[in-house]
Amino acid sequence: MFKKILIANRGEIALRIVRACREMGIRSVAVYSTADRDALHVRFADEAVCIGPPPGRDSYLNIPRLIAAAEITNAEAVHPGYGFLAENASFAEICTSSNLTFIGPTPAMITSMGDKASAKDTMRAAGVPVVPGSDGLLDSVEAAHAAAEIAGYPVILKATAGGGGKGMRVVTAPDEMAKAFQAAGTEAQASFSNGGVYLEKFVEEPRHVEIQVMGDRNGRVVALGERDCSVQRRHQKLIEESPSPAVDPDLRRRMGEAAVKGAEAVNYVGAGTIEFLLDKHGKFYFMEMNTRIQVEHPVTEAVLGIDLIKDQIRAAAGVELSDPVRQALADPAGLKPRGHAIEVRINAEDPKKDFRPSPGLITTLNLPGGPGVRVDTHVYAGYRIPPNYDSLIAKLIVHGATRDEAIDRMERALDEFIIEGIETTISFHRAVMKDPIFRSGRFTTKFLESFDFSKIR
């Protein structure tokens, strides 16, 4: 097992990894920009190294500085968390060449799954259902028209190197294609330095359901249940839950088997997520694979009683995974979720003003507690949220015996969650928990398009 791990990230995920390391008897090294000098991951890590000024390109995305920080602290491994360099194959390769273990899949695995067009080809070859669409990247508007005629309108153009909804355009008719193709490619190039786009059939009334997988160094992969991430805004997840209200045991088994096939096709090691679109007829289609830990991993931990971060570290070190995961590898049918978990993302944003960012000083903070309540956060009273990074400041996770109990518990916990000095999305989540469509479980990724924002108080 590793003796010291450098955490190449910030915020709540960095603190989450620090805590896992502490419980495993592993020393942790935090890195921070000058904007994060007073952050909790810096305070609670065993060591901390300043890696530059606030802009991400000069700090958390600066590979030479991260490698130097690992070398001067004699770290043996690097945990990338999520975001920043977590799915950067070059970073994983540089870590390896610097005699550092990258806690995640190999560079080849990241590359094969990072390009969405090639990932789709890999999944199709492995027998995983994929959405009908173009055969690889589109090199012209004419090629896009031809692919759309075969798939059938509506279709969606997607950036091959994309994420977070960037470089995506829905096209409902042929006369919209030229403008959408140009816009998607331009946005993709600006966002990812890669203007490649591909086309898929646009699945109407879909749910976004993902399968958590874990692979060990012996070539074994297990599916660890599903998460429903259908409540989204501009393709950004806001609320996640497990199990999905739309998934029964048979569908869970079939989706899990498909996810394992996909992960095994690239000899996957560590924690990863196979994301599917689930249509109203119960058919599911591969969307993408995230080769990292997900923001929403705590809901899986809650219903399965596991620690995914610790098993990530174990997988990277080549040691035995935790007992529950090893048992699931031996008998996937024996893995059943216990109760229901929901996670809401608390962002420093004003939901009454189109989710406008709200950085600033937190003057008052009261965290909720009680049975079945977990808060993952890096903020505290007196902490100043910098404007330089993602607006996520906390994740509130609840667990109940049933979905109804989990929703009721979430309502209670949100009422106890007090943050003053900035605007947050707490009021938005309160309104969602009361919404009859959300409570029924019969919602899609279009949920917010009909949501009544006037209910937010």
Pairwise distance CD1(Ile51) to CZ(Arg65) - rounded to 0.5 angstrom: 8.0 Å
Sequence neighbours excluded, every pair satisfying side-chain hydrogen bond (donor to acceptor under 3.5 Å, both in side chains) that has a member inside residues 417-427: Thr364-Glu420
NZ/NE/NH1/NH2 to OD/OE distance under 4.0 Å, Lys261 and Glu264: no
Residue among Arg227, Arg338, Arg374, Lys310 satisfying salt bridge (Lys or Arg N to Asp or Glu O under 4.0 Å) with Glu301: Arg374
SB check Arg207 Glu226 (cutoff 4.0 Å): no
Test of ring centre spacing under 6.0 Å for His378 and Tyr383: yes
Parallel, tilted or perpendicular: ring planes of Phe443 versus Phe438, cut at 30 and 60 degrees: parallel
Reported NE2-to-SG distance for the pair His79 and Cys95, which is rounded to 0.5 angstrom: 12.0 Å
Pairwise side-chain contact, Leu157 with Met177, heavy-atom cut-off 4.5 Å (strictly under): yes
Test: Arg169 and Glu176 ion pair at under 4.0 Å: no
Heavy-atom check, side chain of Glu349 versus side chain of Arg356, under 4.5 Å: no
Gap between atom NZ of Lys336 and atom CZ of Arg252 - 0.5 Å precision: 10.0 Å
Neighbour count above 12 (heavy atom, 6.0 Å) for Lys179 NZ: no
Glu275 side chain to Gln294 side chain, donor-acceptor N/O pair below 3.5 angstrom: yes
Spacing of Thr300 atom OG1 and Leu308 atom CG [to the nearest 0.5 Å]: 6.0 Å
Stepwise salt bridge (Lys or Arg N to Asp or Glu O under 4.0 Å) check, Asp307 with Arg19: CA-CA 11 Å; Asp307 189 315; Arg19 288 168 169 160; over 6 Å; no
Side-chain donor-acceptor contact under 3.5 Å, Ser358 with Asp350: no
Flag side-chain contact, heavy atom, 4.5 Å: Asn62 against Pro64: yes
Short N-O contact, Lys446 and Glu205, less than 4.0 angstrom: no
Leu251 side chain reached by Met255 side chain, heavy atoms, under 4.5 Å: yes
Close side-chain approach of Leu321 to Leu329, heavy-atom, < 4.5 Å: yes
Heavy-atom check, side chain of Phe286 versus side chain of Ile274, under 4.5 Å: yes
More than 12 heavy atoms from other groups under 6.0 Å of CG on Asp135: no
Pro386 side chain near Arg10 side chain, heavy-atom distance below 4.5 Å: yes
Pro206 and Asp279, any side-chain heavy atoms less than 4.5 Å apart: no
CG-OG1 distance between Leu137 and Thr160, expressed to the nearest 0.5 angstrom: 5.0 Å
Greater than 12 external heavy atoms within 6.0 Å of Glu93's CD: no
N/O donor-acceptor pair under 3.5 Å between Tyr389 side chain and Pro54 backbone: yes
Side chain to side chain donor-acceptor pair (under 3.5 Å) partners for Arg253, two or more places apart: Asp250, Glu257
Ionic contact status for Glu411 with Arg439, cut-off 4.0 Å: yes
With Ser230 via side chain to side chain donor-acceptor pair (under 3.5 Å) - residues at least two apart: Asp228
Distance-only side-chain donor-acceptor flag, Gln212 / His297, under 3.5 Å: no
Aromatic ring pairing Phe447/Phe451, orientation class (parallel under 30°, perpendicular over 60°, tilted between): tilted
Verdict with reasoning, Arg233 to Asp354, per salt bridge (Lys or Arg N to Asp or Glu O under 4.0 Å): CA-CA 10 Å; Arg233 175 180 175 269; Asp354 197 30; 3.2 Å; yes
Non-neighbouring partners of Lys283 that pass side chain to side chain donor-acceptor pair (under 3.5 Å), sequence neighbours left out: none
Could you pull out every donor-acceptor pair under 3.5 Å between side chains of residues 142-153 and any protein atom, sequence neighbours left out?
none

Neighbour count >12 (heavy atoms, 6.0 Å) for atom CZ, Arg124: yes
Point-to-point distance, once rounded to the nearest 0.5 Å, from NZ of Lys395 to CD of Glu343: 5.0 Å
Centroid separation Phe91 to Phe84 less than 6.0 Å: no
Let me check something: any side-chain donor-acceptor pairs from residues 100-109 under 3.5 Å, sequence neighbours excluded? List them with distances.
from   : atom 1 : to     : atom 2 : distance (Å)
Thr106 : OG1    : Met109 : N      : 3.2

